[in-house]
Amino acid sequence: MLFAALFVFVNALSMRRWLAFACAAALTIGFFEQYVFDINAWSELATQPIFLLLLAFVAFAFDHNRFGQMPGSIMRLGAVFAALMTGAFFLYPESLTIYGPAAAVAAAMGCWHRASRKALPVAASGLAAGVGISLLACIPLWSGTVAYVVRQLSHAAINPPDWWKYYQRYLFGSDANFLAVITSPDSRIGELANAWFSLPVESALAGLGLYAVLPSAGWPVAAAVAWKLLLYGFLFVLLRGIARTAWTIWRADPDGSAARLLAGSLAGCLVPIAILAAGHGWAAGKGLAMAMPMLFTLVVAPLAPLAAKRWNPGAVAAVAVVVAVHLGLGILRPLLVMQVVGAGLPGLPTAAAQVNAQKATSLDWDYNRLSADIKSCNGLVIDVANPMMHNLLRRLAAELRVPWAAPRIMYWPDRAGRPYFPEGFEKFDCLVASGRLTANPGQRLISVATDRSSREFMDGQRNVLEVGAEAPPGIATRGLFGKEMTPGGALQWASPNARLEIPNKPLMPARTLKLELWPMPISGNEFLVKINGREIYKGVVPAGPLSFPLDRFVSEETLVIELDTNAVTHFPGDPRDLGFAIRELSVRR
């Protein structure tokens with residue numbers, strides 16, 4: 001990208017080389033390319049410079065004598081364009097949906113003006129030859145090049161995924177998801193006012209790669225408002241400078257390659273907006289990532305000498321700030337990704353802070369431990385619901401050359417998932433799971449759960465198993481709403497009818513069940529406790545702890561505990577049907 005952008009900025013925008021190098025370096029190591037790098041879009045990363053050069057060569061094709069005299073000029077242009085198009089087809093042909101309209105606009109401008117039409121024979125012949133040669137080169141792998149684009153577009157049109165909620169999160173605000181606030185019917189007036197005030201400027205600046213300058217949640221309200229007003233002014237100066245620069249170049253030199261490049265770049269940047277208007281959020285966000293080199297070209301255009309007739313110091317200063325922020329983020333990246341400073345890159349969705357929030361904290365991601373456990377298996381059955389962990393286990397099995405099977409694999413657009421059971425999977429001797437305590441007969445269990453309390457209780461390593469505030473792995477539940485933290489401690493709300501299945505080992509059985517509820521105001525006045533269908537308590541809602549002997553259940557392998565109350569409780573702003581709040585529910589030996 002560094003050399004491609006340097007070539008374009010020097011030859012199309014006529015920048016001085018030192019200035020072009022600074023801008024090219026900012027594009028290369030700044031937010032835009034870091035974003036593509038961090039979402040693991042390797043093919044897109046590889047083709048970003050190719051597509052920037054493709055657009056530039058469409059603009060150059062209409063320069064008179066740019067490629068020499070005919071017929072050598074046609075051969076030169078055709079050879080260069082064929083090489084670029086072939087690389088695009090083989091590496092990342094989806095970007096043609098963004099750069100195709102951009103190139104079409106640049107070519108249309110070349111055909112429109114009289115001076116550039118003189119180069120039309122060379123441009124039309126050279127570009128057509130380049131496209132034709134690249135299509136011929138695609139024939140041996142047609143299904144993975146041209147046909148692949150058709151499949152991708154048809155899948156995206158029919159089954160638009162919702163990945164934009166994750167990968168484009170940086171566009172929705174820094175200290176809150178302002179889009180979620182605006183679309184939520186429960187948002188208060190003050191929250192809506194803040195969201196409508198903040199979202200336009202924060203989204204626009206994040207789209208320009210300036211997420212790092214947005215205020216965070218820790219800022220005082222007055223300082224955040226003042227800073228956002230300043231950012232509104234900065235954004236106005238920058239966008240006005242870009243518009244005036246483009247208009248100046250289009251009027252002063254409409255037949256030049258700079259005018260065609262800027263017109264094509266503008267068209268390419270508008271394509272994601274059109275995709276968004278069609279309701280395809282993920283495709284629009286991905287299109288924005290593809291168009292980032294064109295967007296950066298528009299941003300740095302006020303630094304071009306061609307804009308000197310309408311020199312705008314404010315716009316130049318704003319562009320210098322943009323370039324400096326991108327350079328700063330690139331220079332600081334080796335520091336920012338260190339664990340000692342939080343390992344978080346501002347705004348990048350796969351930075352450690354965001355990924356750790358996405359990963360289930362109840363799962364063990366120790367790569368070395370999992371590798372050691374899987375290495376000795378002759379086959380692996382993967383029974384994990386978390387898609388990130390599922391993917392990690394599949395990769396580990398592939399690296400270790402251990403065959404694997406899975407009852408459910410998520411494949412887009414098949415959201416429901418489908419099983420994968422290769423021949424001979426019945427003999428696989430390992431089962432990896434997060435919510436199971438025992439494997440199938442003849443299998444060894446590899447647990448990826450960090451909470452091993454259930455398994456340790458089963459193995460006799462602990463004498464108390466707490467399941468009330470939060471059910472550990474291996475405990476099947478129904479009617480529970482999950483752990484909540486309060487100043488007084490952890491609690492778990494239950495519906496009026498809750499059920500838990502706790503494994504019990506007859507050789508080392510549980511002897512006592514302890515239950516304590518939080519003294520919350522609830523509508524129910526009756527309470528019922530059953531174990532394995534037998535009623536062990538019926539009366540008023542207990543105000544203090546209760547203890548029940550389990551001697552008559554020592555031979556049972558499972559303790560099915562049912563907790564019921566006779567009325568539903570509703571609190572303002574809480575849509576749940578609540579029954580009672582559990583402070584403690586534990587079994588003891």
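Positions are given from 1, in the same order as the sequence printed here.
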Salt bridge or not for R452 and D459, using N-O below 4.0 Å? no

With rounding to the nearest 0.5 Å, note down the distance linking CD in E94 to OH in Y99. 13.5 Å

Taking the side chain as C-beta and beyond, is there a heavy-atom pair between L135 and F89 under 4.5 Å? yes

CD1 (I475) and CG (L480) are apart, to the nearest 0.5 Å, by 11.0 Å

Close side-chain approach of I374 to V432, heavy-atom, < 4.5 Å: no

With sequence neighbours excluded, residues passing side-chain contact (heavy atoms from CB on, under 4.5 Å) with L91: A46, T47, I50

As a quick check of understanding, evaluate side chain to side chain contact (heavy atoms under 4.5 Å, CB included) for F457 and V587, giving each step before the final call. CA-CA 10 Å; F457 182 79; V587 290; 3.9 Å; yes

D451: which residues meet the side-chain hydrogen bond (donor to acceptor under 3.5 Å, both in side chains) condition with it, sequence neighbours left out? S453

Could you walk me through whether F428 and L380 pass the side chain to side chain contact (heavy atoms under 4.5 Å, CB included) check? CA-CA 6 Å; F428 288 0; L380 187 69; 5.6 Å; no

Please state whether the rings of F31 and Y35 are parallel, tilted or perpendicular, taking 30° and 60° as the class boundaries. parallel

Which residues share a disulfide bond (SG atoms under 2.5 Å apart) with C377, sequence neighbours left out: C430

Residues that A26 engages under side-chain contact (heavy atoms from CB on, under 4.5 Å), provided they are two or more places apart: F296, V323, H326, L327

Can R394 be said to sit on top of Y420's aromatic six-ring, NZ or CZ under 6.0 Å from centre and within 45° of the ring axis? no

Should F21 and L2 be marked as a side chain to side chain contact (heavy atoms under 4.5 Å, CB included) after you check the CA-CA gap, both sets of side-chain angles, and the distance that decides it? CA-CA 8 Å; F21 182 84; L2 177 68; 4.1 Å; yes

Could you go through residues 463-471 and list every donor-acceptor pair under 3.5 Å that involves a side-chain atom there, pairing it with any protein atom two or more places apart or in another chain?
from	atom 1	to	atom 2	distance (Å)
E466	OE2	G468	N	2.7
E466	OE2	A469	N	3.4
E466	OE2	L585	N	3.1

Would you call the rings of F37 and W42 parallel, tilted or perpendicular, taking 30° and 60° as the class edges? perpendicular

Which is it for Y148 and Q152 under the side chain to side chain contact (heavy atoms under 4.5 Å, CB included) test, yes or no, and what are the steps along the way? CA-CA 6 Å; Y148 174 76; Q152 285 288 92; 3.4 Å; yes

Indicate the atoms forming the closest heavy-atom contact of M458 with N504, along with that distance. SD-N, 4.2 Å

Decide salt bridge (Lys or Arg N to Asp or Glu O under 4.0 Å) for E484 and R576; before the verdict, give the C-alpha distance in whole Å, the side-chain angles of both, and the deciding distance to 0.1 Å. CA-CA 14 Å; E484 301 177 30; R576 298 177 295 179; 3.0 Å; yes

Between S95 and F51, the two heavy atoms sitting closest are CB-CE1, 3.2 Å

How long is the gap from CD1 on I182 to OG on S187, to the nearest 0.5 Å? 8.5 Å

Less than 4.5 Å apart, side chain to side chain, heavy atoms only: is that true for W282 and Q168? yes

Could you grab the distance from atom NE2 of H280 to atom CD1 of I275, nearest 0.5 Å is fine? 8.5 Å

Whether the side chain of N177 engages the backbone of A180 through a donor-acceptor N/O pair (distance < 3.5 Å, no angle test) should be reported. yes

I want to check something: taking the side chain as every heavy atom from C-beta on, are V402 and N378 in contact at a cut-off of under 4.5 Å? no

State plainly whether the residues D364 and R369 are in salt-bridge range, i.e. N to O under 4.0 Å. yes

Is a salt bridge present between R478 and E501, judged by a nitrogen-to-oxygen distance below 4.0 Å? no

Can you measure from CD (E202) to CG (L179) and round to the nearest 0.5 angstrom? 12.5 Å

Who passes ring pair (Phe, Tyr, Trp, His ring centres under 6.0 Å) against W142, sequence neighbours left out? none

Would you give the length of the straight line joining atom CG of L329 to atom CD1 of I29, rounded to the nearest 0.5 angstrom? 8.5 Å

NZ/NE/NH1/NH2 to OD/OE distance under 4.0 Å, K505 and E456: no

